[in-house]
Amino acid sequence: MTEVNDKGERIVRCPTCGGDSIYAPSNSYRPFCSARCKGIDLGAWASEEFRMPTEAPPDDDPFGDPKVQ
């Protein structure tokens, strides 16, 4: 649930640390609360911590449908 501060700006949860973050143009790091949290998230993407599972064959296997082979 989002809250609103006295300036009418939405307060949301920072995706990295879970703290309060202002979701408004005044916060250049939104939806993050700080440059540190934004950098941590970028580092997680760069190190491939956020990955989607796939059924593709490994690079050393022949191409094609892995279920048929």
Please list, one pair per line, the donor and acceptor atoms closer than 3.5 Å that link side chains of residues 15-23 to other protein atoms, with sequence neighbours excluded.
unit_1 : atom_1 : unit_2 : atom_2 : d
Thr16  : OG1    : Cys37  : O      : 3.2
Ser21  : OG     : Asn27  : ND2    : 3.4
Ser21  : OG     : Pro31  : O      : 3.1
Ser21  : OG     : Phe32  : O      : 2.9

| Partner residues of Arg13 under the side-chain contact (heavy atoms from CB on, under 4.5 Å) criterion, sequence neighbours left out |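 By the side-chain contact (heavy atoms from CB on, under 4.5 Å) rule, Arg13 matches no residue at all.
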| query | Sequence neighbours excluded, which residues qualify as side-chain hydrogen bond (donor to acceptor under 3.5 Å, both in side chains) partners of Ser26? | reply |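 Ser26 satisfies side-chain hydrogen bond (donor to acceptor under 3.5 Å, both in side chains) with Glu9 once adjacent residues are dropped.
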